[in-house]
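Working notes, structure below.
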Number of protein chains: 2
Amino acid sequence: MLKKERHDFIMRQINLHNRVLTSDLVQLLNVSEDTIRRDLQELVDENLLYKVHGGALSKSYHSSFDDSTVYARDSKIAIGKKAVQLIKDGMVVLTGGGTTILEFVKLLPQGLTATFFTISPLVAVELAKYNNIEVILIGGLFSKNSQVTYGGQVITQLAEIKADLCLMGTSAIHPDEGLTDTYWEINQLKKAMLACAKRTAVLCISEKLDIALRLRVCPIESISHLITELDLGHESLSRYREKELNIL
Amino acid sequence: MLKKERHDFIMRQINLHNRVLTSDLVQLLNVSEDTIRRDLQELVDENLLYKVHGGALSKSYHSSFDDSTVYARDSKIAIGKKAVQLIKDGMVVLTGGGTTILEFVKLLPQGLTATFFTISPLVAVELAKYNNIEVILIGGLFSKNSQVTYGGQVITQLAEIKADLCLMGTSAIHPDEGLTDTYWEINQLKKAMLACAKRTAVLCISEKLDIALRLRVCPIESISHLITELDLGHESLSRYREKELNIL
DNA sequence: CGTGTTTTTGCGTTTTGTTGCAATAAAATA
DNA sequence: TATTTTATTGCAACAAAACGCAAAAACACG
């Protein structure tokens, strides 16, 4: 088995299970511990995973809930500022949930007149602080993990909406694999959101670039804007610049 | 289980419940007390929580005092405790919004298995902290004043629900005039909520007793329970005791 | 084809990290 | 104060990682 194959195998395990044990890999791949450790180190150097004592963890699996201190808050504010530029008076906007979106909402101009649909209660509460924004919260089953509504009812309601712009956070984006996710229901949800907006902007901190997870949401071509905290010319974005995609 | 995963688990517990007991963690994670204590110490070193005798506390719990700014919080907690007694495993409950309801939700027992419908995003977020409660957020226009969803869509959806119990806060209750309100839309909403529940409990701090506002929601007979912070025998409640109404 | 170079891999050793135990100290509780 | 519960500390056993080294494989090039 070639080294590259081993690396791919490891990454597949990581994306599948969010974690992997060194000892498991030794068994599965039938090589020495040292080799696995070296492999993991190389993948760390490529910025593809986190190494911990005993194994490795997925980058996308970021210690799920830390509401006191928003992870990478500065980056998210930078993204929020860029996203605000897309919003014009009179627009109908659909948003997902997540801390990045929340930071974006806090940065909207006070006088903005617009209609916002959202599946996130927290986003709704934040949007309600703007006098001229009409807020419609899409109801349904409430997800304990993602803190958004999901399920059949949400998707049915989304089908009735025609939005000018959809803003969504993401757990992973990859130049070839497009938008991917780990959970089936969230995957379905994102597809429905994409379907009801003319354009979609993906808000994404740079460390979620170049990651592909189990379930495909859409190809990269279905996205109109990619917003990261990086400068336009940044090297990490070159593979995305080749696609038909506005980068902010 | 990797150490990092344990740390994440602990942080999730902390952020969910604002506190955690060492002994609980020992059981849940199946490791020795020493390990848990060391984990907690490491998280303290990372400035992620406070350690106290017997367990640990969330940092945000101490720093953010927005709880204490709730008006008449003690009364609302007293009401919440009484309201919890009405909730049994397996029930389908519908709740409104408001700080009284929110305090009630925080007092629910951890293991409770139930289904909650709610029109309040904040209540939904709070309910989501209970593993065995299914939370359905009813969507629609979002009211900037009351922080609940309202309007035609909400009423349509309410019509499809059959709840065992409805819990609502109120701005006014009067022995002769019944439940009253100031805003047309909220009035409609409350009527719809009443209609879809077998029984309705009104949570109401004593200073809202004996007040009648412009719009009638329902006569006092339509309410099955009145819950205030007062003792059962309190004089202010005498006029209500004469009605067919359980007083808690 | 042969020879020197680089890459890859596994082995032994040392170092570091992790965990549970026991003895003792401190804090909470009655 | 007496008793129980929880913390702290040092220690030993074990697991995993790092490091240097050498064998083997793959590669480059005359």
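Letters A, B, ... mirror the listed sequences (proteins, then strands); counts begin at 1.
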D231(A) meets the salt bridge (Lys or Arg N to Asp or Glu O under 4.0 Å) criterion, sequence neighbours left out, with none
For a salt bridge (Lys or Arg N to Asp or Glu O under 4.0 Å) check, start with the C-alpha distance between D8(A) and K4(A), then their side-chain angles and the critical distance, and finish with the verdict.
CA-CA 6 Å; D8(A) 288 348; K4(A) 179 78 169 82; 3.0 Å; yes
Any side-chain heavy atom of T180(A) within less than 4.5 Å of one from L215(A)?
no
E229(A) vs K82(A), test: salt bridge (Lys or Arg N to Asp or Glu O under 4.0 Å). Steps then yes/no.
CA-CA 8 Å; E229(A) 82 278 18; K82(A) 292 184 189 177; over 6 Å; no
Quick one: are R199(B) and D164(B) in side-chain contact, heavy atoms under 4.5 Å?
no
In whole angstroms, the gap separating P of dA12(D) from CG of D34(B) amounts to 16 Å
Just checking V26(B): base, sugar-phosphate only, or nothing, at a heavy-atom cut-off of under 4.0 Å?
nothing
For the pair made of CZ in R37(B) and P in dT9(D), what is the distance, rounded to whole Å?
12 Å
Whole angstroms only, please: what is the CG-P distance between D24(B) and dT5(D)?
15 Å
Nearest-Å distance, CG (L2(B)) to P (dA15(D))?
16 Å
Could you state the atom-to-atom distance from NE2 of H53(A) to P of dA16(D) in whole Å?
7 Å
Please give, in whole Å, the distance from dA26(D) C1' to K3(A) NZ?
13 Å
Using OP1 and OP2 only, check whether a side-chain N or O of K51(A) sits under 4.0 Å from dA18(D).
yes
Does a side chain donor of either S236(B) or S206(B) reach within less than 3.5 Å of an acceptor in the other side chain?
no
So I77(B) and F104(B), do their side chains get closer than 4.5 Å, heavy atoms only?
no
Separation of dA18(D) P from E42(A) CD (nearest whole Å)
13 Å
Residue closer to the 5' end of DNA chain D, R38(B) versus E33(B) (nearest nucleotide)
E33(B)
Starting at the 5' end of DNA chain D and moving along, which residue's nearest nucleotide shows up first, G54(B) or Q41(A)?
G54(B)
Look at all strands and tell whether S23(B) reaches a base, only sugar-phosphate, or nothing, counting heavy atoms closer than 4.0 Å.
nothing
Below 4.0 Å from chain B heavy atoms, what is the first contacting nucleotide of DNA chain C and what is the last?
dT18(C) to dA28(C)
Rounded to whole angstrom units, what separation is found between the CD1 atom of I36(A) and the P atom of dA17(D)?
11 Å
